[in-house]
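Throughout, numbering of the chain's residues begins at 1 and tracks the sequence.
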Amino acid sequence: MGTRAREEQGFGLVELLIAMTILNIALLALVAAFNSGALSIRRASRVSTATVLADTQMEGYRALRYASIKLDVGSATPASYLADPAYTPLTPPTDPTDPDNVTQPGCPAPTSQCTASRTTTGPDGVTYRVDTYVAKDVQSGRTLKKVTVVVRLGTDLGNSLAREVSTFDKSFG
């Protein structure tokens with residue numbers, strides 16, 4: 001009986017099973033790390049594309065004169081547009097010639113600057129929604145126009161990928 005206990009038959013199989021289990025766990029951890037990295041890269045790509053879209057939209061406003069910074073009151077506004085904290089209820093202008101008005105039927109600016117909400121396809125082939133908000137803001141007794149551009153993923157309108165805010169003073173154009 002003592003010689004049987006000292007024999008090593010079958011231990012090679014047990015060692016092989018333990019080694020395979022350890023390798024399997026290590027490989028699964030490696031695959032999970034690659035998957036997590038791929039998701040992070042995809043998210044970073046979408047955020048950078050959304051930032052470029054927001055910058056492009058804001059640069060369009062920076063090229064306009066103060067009196068032309070308006071939104072078309074007739075443009076469609078989806079429910080997720082109205083739920084954003086940057087949204088302020090727009091009222092029709094009392095005097096269309098007043099440069100402080102933020103709404104106007106038939107906006108004089110290029111179409112992308114007048115539309116409150118538009119959908120576009122980014123260079124990555126993904127659909128994004130660009131929402132623009134224009135509101136009056138008074139600071140130190142001066143009337144300003146505050147433009148907020150929010151870019152959302154076309155399939156997930158609840159979360160914003162990029163948000164850019166800029167104020168415009170009528171003394172600068």
Query - Any side-chain donor near an acceptor of the partner, Ser117 and Arg129, under 3.5 Å - result: yes

Query - Arg142/Asp169 salt bridge by N-O under 4.0 Å criterion - result: yes

**Report entry** Stepwise side-chain contact (heavy atoms from CB on, under 4.5 Å) check, Ile69 with Val134
**Finding:** CA-CA 8 Å; Ile69 298 174; Val134 179; 4.1 Å; yes

**Report entry** Pairwise side-chain contact, Tyr66 with Thr143, heavy-atom cut-off 4.5 Å (strictly under)
**Finding:** yes

**Report entry** Taking every non-hydrogen atom, the tightest pair across Leu17 and Thr21
**Finding:** O-OG1, 2.8 Å

Query raised in the report: Given the rule that I, L, V, M, F, W and Y join up when any side-chain heavy atoms are under 4.5 Å apart, are Tyr128 and Val47 in one cluster?
Result: yes

**Report entry** Residue of the set Val147, Val130, Thr115 for which side-chain contact (heavy atoms from CB on, under 4.5 Å) holds with Gln57
**Finding:** Val130

Query raised in the report: Is there a donor-acceptor contact under 3.5 Å linking the side chains of Thr148 and Glu164?
Result: no

Query raised in the report: For the atom pair CG (Leu153) and CZ (Arg43), what is the distance rounded to the nearest 0.5 Å?
Result: 9.0 Å

Query - Lys/Arg N to Asp/Glu carboxylate O, Arg152 vs Asp84, below 4.0 Å - result: yes

Query raised in the report: Could you state the interatomic distance from CG (Asn35) to CG (Leu28), rounded to the nearest 0.5 Å?
Result: 12.0 Å

Report summary line: Taken to the nearest 0.5 Å, the spacing of Leu53 CG from Ser48 OG works out to 9.5 Å

Report task. Evaluate whether atom CZ of Arg62 has more than 12 neighbouring non-hydrogen atoms of other residues, nucleotides or ligands under 6.0 angstrom away. Result -> yes

Query raised in the report: Are Val151 and Ser160 close enough that some pair of their side-chain heavy atoms sits under 4.5 Å apart?
Result: no

Query raised in the report: Hey, are Asp131 and Arg163 close enough for a salt bridge, meaning a charged N less than 4.0 Å from a carboxylate O?
Result: no

Query raised in the report: So which heavy atom on Thr49 is nearest to which on Gly122, and how close?
Result: CG2-CA, 4.3 Å

**Report entry** side-chain hydrogen bond (donor to acceptor under 3.5 Å, both in side chains) involving Asp55 - partner list, sequence neighbours excluded
**Finding:** none

Report task. For side-chain contact (heavy atoms from CB on, under 4.5 Å), just list the numbers for Thr120 and Thr127, CA-CA rounded to whole Å, side-chain angles, deciding distance to a tenth of an Å, and then say yes or no. Result -> CA-CA 6 Å; Thr120 186; Thr127 302; over 6 Å; no

Query raised in the report: What is the distance from atom CG of Asp156 to atom CG of Asn159, rounded to the nearest 0.5 Å?
Result: 4.5 Å

Requested in this report: Begin with the C-alpha distance, continue with both residues' side-chain angles, and end with the deciding distance and a verdict on side-chain contact (heavy atoms from CB on, under 4.5 Å) for Val149 and Tyr133.
Outcome: CA-CA 6 Å; Val149 177; Tyr133 304 88; over 6 Å; no

Query - Trace of the side-chain contact (heavy atoms from CB on, under 4.5 Å) decision for Phe168 with Leu144 - result: CA-CA 6 Å; Phe168 297 89; Leu144 306 172; over 6 Å; no

Requested in this report: Can you measure from CD1 (Ile22) to CG (Leu27) and round to the nearest 0.5 angstrom?
Outcome: 12.0 Å

Report task. Could you tell me whether the side chain of Thr56 and the main chain of Val52 form a donor-acceptor pair under 3.5 Å? Result -> yes

Report summary line: Rounded to the nearest 0.5 Å, the OH atom of Tyr61 sits from the NZ atom of Lys145 at a distance of 10.0 Å

Query raised in the report: Val150, Met58: one ILVMFWY side-chain cluster at the under-4.5 Å cut-off?
Result: yes

